[in-house]
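Hydrogens, waters and symmetry mates are skipped; everything else that's a heavy atom, side chains included, is used.
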Amino acid sequence: MAIHHQTLAFIFGLLGNIISFMVFLAPLPTFYKIYKKKSTEGFQSLPYIVALFSSMLWIYYALVKREGTLLLITINSFGCLIETIYLAIFLVYAANKTRLSTIKIILFLNVFGFGAMLLLTLFLTKGSKRISAIGWISLVFNISVFAAPLGIMKRVIMTKSVEFMPLSLSFFLTLNAIMWFFYGLLLNDYYIALPNTLGFLFGIIQMVMYLIYRNAKTNEPTQLKEIVVVGKMSTMEPSELNHVTSGAVTEIAIEDPNGQEGHGNPKNIMDSHNNNQIGSKRK
């Protein structure tokens, strides 16, 4: 006897909830480290702000659509809760400048941005048009989020290092995208299914790249763990569900205005330090 589409959709949605739950909990070691050191140490808040916004969008979409969206509400309600906790911890231990910029982004995206979208869709659309409008907003936003790993993949190709692209996380994100794709497909909800095709595609590409570059010699000095993202000190973390940071990434290397290696260059600082030690021993 064939299994009904609704039953299959429930199974895939339930599996999607379980995997998404684990992915949402993936940053716990990061925030435990922040709590222990009482400092955010250059970690970015943007991934968690975006994740919170994504969860808010899907809850709104599910509440308006109503039919077959219970599993969307359950996991994204948990997402809203855990991302709010992450952001609260971040704001407590962030430096004043970082805290202020984080608050500004939260107000712009999660308060005024979401509020404006909510009011516009409530007062300017009705019935199926409202569902369609919210669905398209969610679809476009999540496509842009799923496209974000392009920055990480570019970094892997340039550096031949998979240090910031762990295989386990890529695997679970791919598996997660598969579950939600079939959930949306079985419910004939392409606003859910379509973005997850990109999630699946980029997940497969990341795993293939991991297998290619896992034993490759890195082009970067392993001693330099700090990186600069858009001109600011930052520590790159693995991607999380529906929120991935991207951007141009370069090693820290300070050169003098004449383009020569000077006192600010990490290599020269280490060489100078070693020479001083040798000179002191000779004395």
Side-chain angles (χ1 to χ4, degrees), residues 2-32 47-89 135 138-139 141-143 145-149 152 165-208 210 237-245:
I3 302 177
H4 195 272
H5 276 198
Q6 292 289 337
T7 304
L8 278 175
F10 178 80
I11 292 171
F12 279 109
L14 186 61
L15 291 172
N17 267 247
I18 295 169
I19 299 169
S20 297
F21 179 82
M22 293 188 293
V23 177
F24 272 127
L25 293 179
L28 279 178
T30 295
F31 283 90
Y32 180 72
Y48 313 103
I49 297 173
V50 172
L52 177 60
F53 184 75
S54 178
S55 293
M56 292 165 66
L57 272 179
W58 284 121
I59 289 175
Y60 180 42
Y61 173 75
L63 289 174
V64 172
K65 186 181 179 183
R66 295 182 182 179
E67 296 177 5
T69 55
L70 176 62
L71 293 173
L72 271 182
I73 294 174
T74 54
I75 190 57
N76 285 290
S77 296
F78 175 75
C80 283
L81 175 64
I82 195 68
E83 299 301 337
T84 300
I85 294 172
Y86 289 155
L87 287 169
I89 296 171
S138 301
L139 186 150
F141 180 79
N142 280 281
I143 284 178
V145 169
F146 277 125
I152 298 176
M165 196 179 71
L167 179 64
S168 59
L169 191 59
S170 297
F171 173 76
F172 279 109
L173 288 173
T174 305
L175 195 60
N176 189 65
I178 293 171
M179 296 301 117
W180 288 113
F181 168 77
F182 281 109
Y183 175 77
L185 188 68
L186 290 164
L187 292 178
N188 294 317
D189 191 326
Y190 299 104
Y191 301 120
I192 299 173
L194 286 178
N196 285 288
T197 58
L198 278 182
F200 169 74
L201 176 63
F202 287 131
I204 292 296
I205 293 173
Q206 285 184 33
M207 287 191 288
V208 171
Y210 183 92
E237 335 179 35
S239 308
E240 297 172 44
L241 174 66
N242 284 342
H243 55 295
V244 188
T245 50

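- The structure places OH of Y48 at 14.0 Å from OG1 of T84, a figure rounded to the nearest 0.5 Å.
- Heavy atoms only, all atoms of each residue included: G16 and N176 are closest at O-OD1, 3.4 Å.
- Taking the centre of each ring, F12 and F181 stay at or above the 6.0 Å mark.
- The shortest heavy-atom contact between A62 and I73 is CB-CG1, 3.5 Å.
- Using a 4.5 Å heavy-atom cutoff, the side chains of Y61 and D189 are in contact.
- To the nearest 0.5 Å, the span separating CG on L72 from CG on L57 amounts to 12.0 Å.
- Note: Y86 OH to I89 CD1 = 8.0 Å, rounded to the nearest 0.5 Å.
- Taking the side chain as every heavy atom from C-beta outward, I75 and W58 never approach each other to under 4.5 Å.
- Side chains of Y191 and K65 form no contact here, defined as non-hydrogen atoms less than 4.5 Å apart.
- Separation of atoms OH (Y183) and CG (N196) is listed at 12.0 Å; rounding is to 0.5 Å.
- Annotation: the span from F200 atom CZ to I178 atom CD1 amounts to 5.0 Å, rounded to 0.5 Å.
- Residue-environment remark: CZ (F172) stays at or below the threshold of 12 foreign heavy atoms within 6.0 Å.
- Using a 30° and 60° split on the angle between ring planes, F141 and F53 fall in the perpendicular class, above 60°.
- Counting heavy atoms from C-beta on, the side chains of T174 and F171 never come closer than 4.5 Å.
- Between the side chain of N142 and the main chain of S138, a donor-acceptor pair closer than 3.5 Å is present.
- The side chain to side chain contact (heavy atoms under 4.5 Å, CB included) test with F21 is passed by exactly one of I18, L25, I19, V23: L25.
- Proximity of a side-chain donor or acceptor of N188 to a complementary backbone N or O of G184 within less than 3.5 Å is not detected.
- Contact between P195 and I192 at its shortest, heavy atoms only, is CD-O, 3.5 Å.
- For the residue pair W180 and S20, a side-chain donor N or O sits within less than 3.5 Å of a side-chain acceptor on the partner.
- Within the model, atoms CD1 of I59 and SG of C80 stand 3.5 Å from one another, a figure rounded to the nearest 0.5 Å.
- N17 places a side-chain N or O within donor-acceptor distance of the main-chain N or O of L71, the cut-off being under 3.5 Å.
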